[in-house]
Amino acid sequence: MSSEGSVKKDIDNLPPLEDYFTKESDLNSEQKIAASCLDENILVLAGAGCGKTKTIIARAQFLIENHTSAKDVHILTFTRKASAEIVQRVKTNLGEKAEGLKASTFHTWCMSLIRRSPDLFGCKDYSVIDREDQLSIFRFYRAASKFANNPEMPRALDLLDAYSYTRNVGGTFKQTLEKNHPSSLELFDEIKKIIIAFEKRKEESKYLDYDDILEVVANQIENHPKIRDWVASQQSYLLVDEFQDTNPLQWKLINPLIYKINLFCVGDDAQSIYGFRGADFENIHSFKDKIPNATILKLTKNYRSTQEILDLSNWLLDQSKLDYQKKLVAARGNGSMPELHTFLNEWEEASWIVEDLKSAFADGKKWKENMILTRAQFAARSVERGLIEAKIPYVFIGGRKILESGHIKDVLACLRVVANSKDDLSWMRFLKLFKGIGDVKAAKLLDQLASCIDIQDCIKTIKYDLSIPENVPRLLEVVSKTKTTKNAFRESVIGLSKILENKYKGSNWEKRIKDFPVVEQLTEKFNTILEFIEAYILEPIYETEGGIVPVKDYVTLITIHSAKGLEANRCYVISASQGVYPLARHLGEDREIEEDRRVLYVALTRAKDKLLITRSGNESAASMQKSKSDINDQYFFADLPDDLYENKDHRYKNNYEDIFEELDFISAKPSTNVDLE
DNA sequence: GGCAATCTCCTTTTT
DNA sequence: GGAGATTGCC
């Protein structure tokens, strides 16, 4: 829709704002103005806890009630969870009228455009691959390189990251390498070969990786006016959440649509934490340069936290060289002091958290009121173990995704080869499950299968090879004859159960086995296995204890990157130790340090009533080559003012043996808080 | 030679 | 907890 579709034309028909908003809500005046602003392109700068989501919901409702139909509104969010919640709340408020409202991630949005018209994007019969798959391909070609053992050859993981980063920010791959792995440049010609092989392989196997999905659409929109118009016609209002975390590739998608659709972006520069993926919060500051007629609005009142929590958060930002111009003020007034708990080691830290959760529960708090925030997945492991031992129900968001766990991938490999007999990654995985088949034999068989036209043809070829266990073709036959995805999944699980039990016995088999019925249930809604896999690669769900949502009441364990937009009454920010905030390896890199600061800021500002920060021995600091004093000097909590927190040191309540073990850590000065303060 | 079992090292963050 | 390297077994 062109600019006549802008809301401006309706200005005279508006109901008085007050009347309109009394329904949904307690929006404040800033939020009301943002939700109902009639300008074509709007950027809303919103501090943490200032009601961003609420404003987006109100905006969607306002548009649907006054200007357009629900199917003309599309909301771009960061996670499946956020989009589901927004749609749900609008539907609850508006009922039938909200039918057709769409909210999705950038990736799902692009993928649905591709699926609606594959030929337009040259992507007929392509299937989506996840990061693991990409990594396998990189590993394969890296291992094949003559320089595989050269110490200057980056790891497959680094090649993938550099490749993906380049595609998200633009520029050349060489420039990215120069920045992140300068010493590898001497091998650039060899590395180039690996990249070319990777791209050729994607082409041949008809794979789309995450970046392809966005880029394919972005390129077509940019280069073909007709496609641009078609995409623009799919919605007249685009609402973009978490705008500070969009990157140049995503901007390349939105930019050509400007003045064809109405754009409403919401973001907070202080919460930009996706720099590693090419996001640059400067896109907020330069919004007006990009769109000269843009209107900039602000949400400044915090409704989430009590003032003490905000004081600490404000202080953290204030210590930065950058001027975020943020001073959050609590609409709720005062509450209790944030607490900083220090432990000898991560196990004591974890067991204290478990005990504290239990006592809060005994006081009548729900498990759901608690959120445990971690910077890195692995740092949450000891806490996770504590929760399991204490039988506290929890969900780990940002942890292992259910479709990425080994046992599920094994089953899916079987389904994938049946669905797409050209999918050699899945063939390798599937074949290697069987006794007597390793890399070598699987690769040989794949060579033979290359000339097969479909799965039946493959099965024949496999049957012919007597060195292959006969249960291989038998299982493929059974699965290929099933009529529904659910049955296909079930048959694969049955056919592989013995093998899988053997493979995973001794590593949580009892727990893993519970995932099969869960995933089987998920497949039910999909017509083909490829659709199912695609949906969950683009917007994953997470492994839990015994189900998708095991019980109604559970503790949320979550990575800070996944916690954007979320909140909880009681928040534990764990392993807030030296060498973690900022990461020791970031010392000397201002950009990285500032992003670490914002990561911590996001974590602190999730808390509504109670903020509990925990830390222990400088575990990761020790392993870095940086000097201890540097790490200490730049530690964000190195000189935290006394009046901002309550100090709780648990290090001396332990038995002496523990203390002696940690002697190095506490030796220098016999006062409390050595090294950390 | 090929496969399986064992040991060691590392581990930011996500679609 | 998992990937990669190494050793041991057939």
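Every chain is numbered from 1, with letters handed out A, B, ... down the list of sequences.
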J.: For I114(A) and dT15(B), what is the distance between atoms CD1 and C1' respectively, to the nearest whole Å?
T.: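 In whole Å, dT15(B) C1' and I114(A) CD1 are 14 Å from each other.
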J.: Nearest whole Å is fine: how far is dA4(B) P from L431(A) CG?
T.: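 Taking CG of L431(A) and P of dA4(B), I get 13 Å after rounding.
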J.: Measuring to OP1 and OP2 of dT14(B), would you say a side-chain N or O of T559(A) lies under 4.0 angstrom away?
T.: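 True: T559(A) side-chain N/O within range (under 4.0 Å) of dT14(B) OP1/OP2.
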J.: Return the 5'-most residue of the pair E592(A), K432(A) with respect to DNA chain B, ranking by each residue's nearest nucleotide.
T.: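 On the 5' side of the pair lies K432(A).
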J.: Once you apply a heavy-atom cut-off of 4.0 Å, does F106(A) come out as touching a base, just sugar-phosphate, or nothing?
T.: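 Here F106(A) touches no strand at all.
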J.: Distance only, no hydrogens: is a donor on one side chain within 3.5 Å (strictly under) of an acceptor on the other, for E242(A) and Q244(A)?
T.: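 Side chains of E242(A) and Q244(A): pair found under 3.5 Å.
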J.: Any side-chain N or O of R155(A) below 4.0 angstrom from OP1/OP2 of dT11(B)?
T.: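 Checking R155(A) against dT11(B): at least one side-chain N or O falls below 4.0 Å of OP1 or OP2.
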J.: Relative to the 5' end of DNA chain B, which residue comes earlier, F78(A) or A442(A), by the nucleotide with the nearest heavy atom?
T.: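 Nearest nucleotide further toward 5': that of A442(A).
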J.: Please report the distance, rounded to the nearest Å, between OH in Y210(A) and P in dT15(B).
T.: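 Computing the Y210(A):OH to dT15(B):P distance gives 7 Å.
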J.: So F281(A) and Y324(A), would you call those rings parallel, tilted or perpendicular, with 30° and 60° as cut-offs?
T.: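 Plane angle between 30° and 60°, so tilted.
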J.: Using a 3.5 Å distance criterion without hydrogens, assess whether the side chain of S320(A) forms a donor-acceptor pair with backbone atoms of L316(A).
T.: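 Looks like no, no N/O pair under 3.5 Å.
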J.: Please report the distance, rounded to the nearest Å, between CD1 in I468(A) and C1' in dC3(B).
T.: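 In whole Å, dC3(B) C1' and I468(A) CD1 are 14 Å from each other.
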J.: Starting from P on dT15(B), measure out to CG on D161(A) and report it in whole angstrom.
T.: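 Distance, rounded to whole Å: 14 Å.
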J.: Within the structure, does a side-chain N or O atom of T79(A) lie under 4.0 Å from either OP1 or OP2 of dT14(B)?
T.: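 Answer no for this pair, as no side-chain N or O of T79(A) is under 4.0 Å from OP1 or OP2.
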J.: Nearest-Å distance, CZ (R585(A)) to C1' (dC10(B))?
T.: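 These atoms are roughly 10 Å apart.
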J.: To the nearest Å, give me how far apart CZ (F140(A)) and P (dA3(C)) are.
T.: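 Between P of dA3(C) and CZ of F140(A): 18 Å.
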J.: Does the distance from a Lys or Arg side-chain N to an Asp or Glu carboxylate O, for D209(A) and R167(A), drop under 4.0 Å?
T.: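 So D209(A) pairs with R167(A) through a salt bridge.
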J.: Any stacking of Y274(A) on dT13(B), going by centres under 5.5 angstrom and planes within less than 30 degrees?
T.: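 Aromatic stack with dT13(B) absent for Y274(A).
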J.: Tell me whether the guanidinium CZ or amine NZ of K564(A) lies under 6.0 angstrom from the six-membered ring centre of F78(A) and within 45° of its axis.
T.: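 Verdict for F78(A): a cation-pi partner in K564(A).
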J.: Looking for any heavy atom pair under 4.0 Å, which part of the strands does S562(A) touch: base, sugar-phosphate only, or nothing?
T.: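 The answer is sugar-phosphate, as S562(A) gets under 4.0 Å only of primed atoms, P, OP1 or OP2.
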J.: From the set dG4(C), dT11(B), dT14(B), return the single nucleotide nearest to any side-chain atom of R139(A).
T.: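 For R139(A), the side-chain atoms sit closest to dG4(C).
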J.: What's the closest nucleotide to the R512(A) side chain, out of dG2(C), dT15(B), dA3(C)?
T.: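 Per side-chain heavy atoms of R512(A), the pick is dG2(C).
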J.: Could you give the CG-to-P distance, from L76(A) to dT15(B), as a whole number of Å?
T.: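 That distance rounds to 15 Å.
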J.: For Q377(A), report the nucleic acid contact type (base, sugar-phosphate, nothing); a contact means any heavy atom under 4.0 Å.
T.: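 Touches sugar-phosphate only.
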